[in-house]
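Below is a structure I'd like to ask you about.
Just so we're on the same page: letters track the sequence lines, and every chain starts at 1.
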2 protein chains.
Amino acid sequence: MKSISEAESILMQVLWQRGEATAEELREAVAERTDWQPGTVKALLNRLLNKGAIRAEREGRRFRYRPVLEREDYVAEQSRSLIDRLFDGRVAPLVAHFSEQKALSKSDLDELRRLIRELDDGE
Amino acid sequence: MKSISEAESILMQVLWQRGEATAEELREAVAERTDWQPGTVKALLNRLLNKGAIRAEREGRRFRYRPVLEREDYVAEQSRSLIDRLFDGRVAPLVAHFSEQKALSKSDLDELRRLIRELDDGE
DNA sequence: CAATGCTGATTACGCGTGTAAACCTAGAAT
DNA sequence: ATTCTAGGTTTACACGCGTAATCAGCATTG
């Protein structure tokens with residue numbers, strides 16, 4: 001299960017979001033972000049197939065694609081990688097970074113508070 | 001100022017850490033992680049020079065390299081990019097992710113608490 | 001001064017990526 | 001059955017990356 005590329009991950013996002021899609025649906029879904037031609041989407045899908053990240057099942061004359069790689073796993077690997085590379089493996093410095101940058105929204109703060117409270121008493 | 005690659009960023013880490021270094025010092029500094037030949041390091045340094053991420057000043061027969069790109073900026077861009085790509089631009093879900101993963105260390109938690117308290121009353 | 005040897009610059013090379021044109025094939029339409 | 005066509009598959013190509021061999025300039029030394 002080789003690592004998936006930037007362009008490929010855009011398609012994965014859509015697949016994770018809606019569970020499944022045809023090539024054309026995918027193309028439409030990313031149309032505003034990318035202007036990919038149909039062939040481009042197909043090629044990317046094939047690479048994802050080869051990497052084992054998705055599977056395809058025939059449906060009449062076309063295919064329906066579904067994720068095999070779990071979003072959770074991908075997210076975990078990407079997050080871990082960034083945190084390790086830039087923040088010495090610890091989460092807090094990243095939050096601190098955003099805090100200094102004043103890039104924490106009100107709802108972010110609310111949720112962080114909630115999370116911490118949860119962790120403090122629960123479990 | 002094009003984006004810097006994975007291998008290049010390893011050299012940047014060292015430069016940010018010590019402020020400056022020669023090619024050979026860099027090679028030693030990353031020796032255990034990479035086994036790069038001297039030529040490899042030189043080539044990477046040249047790419048960084050072309051990208052404007054570092055500068056070099058002659059020092060006798062060799063060069064001394066310093067970062068031009070600020071670590072802060074790099075970190076900000078990378079973090080922002082990940083958060084946007086995977087967590088819809090918000091920080092809390094990332095922390096939640098690590099929390100679910102039980103990947104928050106004791107000191108992470110302590111610091112998060114401290115950060116939140118700080119934001120709550122201070123400023 | 002010529003030979004030797006650092007150190008940086010240039011060139012190379014295979015591989016993944018982004019993007020797409022060209023090609024192929026099983027159904028649909030006639 | 002023959003042709004048309006909506007998909008999918010193969011091939012292509014330029015570019016960046018990881019890695020390094022090779023080339024070139026200049027300083028040290030015999």
Side-chain angles (χ1 to χ4, degrees), chain A residues 1-15 20-66 68-69 74 77-78 81-82 85, chain B residues 1-15 20-69 74 77-78 81 85:
Chain A
M1 186 101 72
K2 313 214 80 127
S3 70
I4 82 188
S5 81
E6 177 70 25
E8 287 156 9
S9 86
I10 293 180
L11 293 182
M12 291 303 289
Q13 297 293 342
V14 180
L15 287 176
E20 53 167 66
T22 66
E24 186 51 23
E25 284 166 6
L26 284 166
R27 194 183 138 270
E28 283 161 19
V30 303
E32 40 188 73
R33 251 175 306 175
T34 65
D35 282 325
W36 283 337
Q37 298 308 110
T40 303
V41 175
K42 308 283 176 60
L44 289 173
L45 285 171
N46 272 321
R47 287 178 186 167
L48 284 169
L49 281 170
N50 287 333
K51 291 178 181 179
I54 63 175
R55 71 197 153 83
E57 69 190 41
R58 179 157 248 120
E59 183 190 75
R61 75 173 78 195
R62 80 190 67 180
F63 280 104
R64 185 155 293 273
Y65 300 91
R66 297 168 198 283
V68 170
L69 172 64
Y74 179 71
E77 185 250 314
Q78 294 283 301
S81 151
L82 181 93
R85 270 187 299 132
Chain B
M1 186 99 74
K2 313 211 79 125
S3 71
I4 81 188
S5 81
E6 178 70 26
E8 288 157 9
S9 85
I10 293 179
L11 293 181
M12 292 303 290
Q13 296 292 344
V14 180
L15 286 176
E20 53 167 66
T22 66
E24 185 51 23
E25 284 166 5
L26 284 167
R27 194 183 137 270
E28 283 160 19
V30 303
E32 42 189 70
R33 250 174 306 173
T34 64
D35 283 327
W36 283 338
Q37 298 306 111
T40 302
V41 175
K42 309 282 177 59
L44 289 173
L45 285 172
N46 273 322
R47 286 179 185 168
L48 284 169
L49 280 170
N50 287 333
K51 290 176 182 180
I54 63 175
R55 69 195 156 84
E57 70 190 39
R58 179 155 247 122
E59 185 189 72
R61 75 174 77 197
R62 83 190 64 182
F63 279 103
R64 186 156 292 273
Y65 301 90
R66 297 168 198 283
V68 169
L69 172 64
Y74 179 71
E77 185 250 315
Q78 294 283 301
S81 151
R85 268 186 301 131

Contact class for B:Thr34 (heavy atom, under 4.0 Å): base, sugar-phosphate, or nothing?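 Touches nothing.
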Applying salt bridge (charged side-chain N to carboxylate O under 4.0 Å, His left out), can you list everything that pairs with B:Glu32, at least two apart in sequence or on another chain? none
Check this for me, if you would: do B:Glu24 and B:Arg62 make a salt bridge, where the nitrogen-to-carboxylate-oxygen distance has to be below 4.0 angstrom? no
Mind checking B:Glu6 for me? I need base, sugar-phosphate or nothing, with any heavy atom below 4.0 Å counting as a touch.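 It contacts sugar-phosphate atoms only.
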Of all the heavy-atom pairs spanning B:Tyr65 and B:Ala23, show the shortest one and how long it is.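 That closest heavy-atom pairing would be CE1-N, 3.8 Å.
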Is any N or O donor-acceptor pair between the side chain of B:Arg27 and the base of C:dT7 shorter than 3.5 Å? no
Can you name the nearest heavy-atom pair linking A:Ala7 to A:Trp36, along with the distance?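 Distance-wise, the nearest heavy atoms are O-CH2, 3.4 Å.
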Over all strands shown, is A:Ala43 touching base, sugar-phosphate only, or nothing at heavy-atom distances under 4.0 angstrom?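 Counting heavy atoms under 4.0 Å across all strands, the contact made by A:Ala43 includes a base.
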Identify whether any heavy atom of B:Ser5 sits under 4.0 Å from a base atom; if not, whether one sits that close to sugar-phosphate; answer base, sugar-phosphate or nothing.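 Sugar-phosphate contact only - B:Ser5 comes under 4.0 Å of backbone atoms but never of a base.
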If you take atom types as modelled and just measure distance, does the side chain of A:Arg47 reach the base of C:dG18 with a donor-acceptor pair under 3.5 Å?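 A donor-acceptor contact between them is present.
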Within this structure, what is the CD1-to-P distance between A:Ile10 and C:dT17, rounded to whole angstrom? 13 Å
Would you please confirm or rule out a distance under 4.0 Å between OP1 or OP2 of C:dT7 and any side-chain N or O of B:Arg62?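 Yes, because at least one side-chain N or O of B:Arg62 sits under 4.0 Å from OP1 or OP2 of C:dT7.
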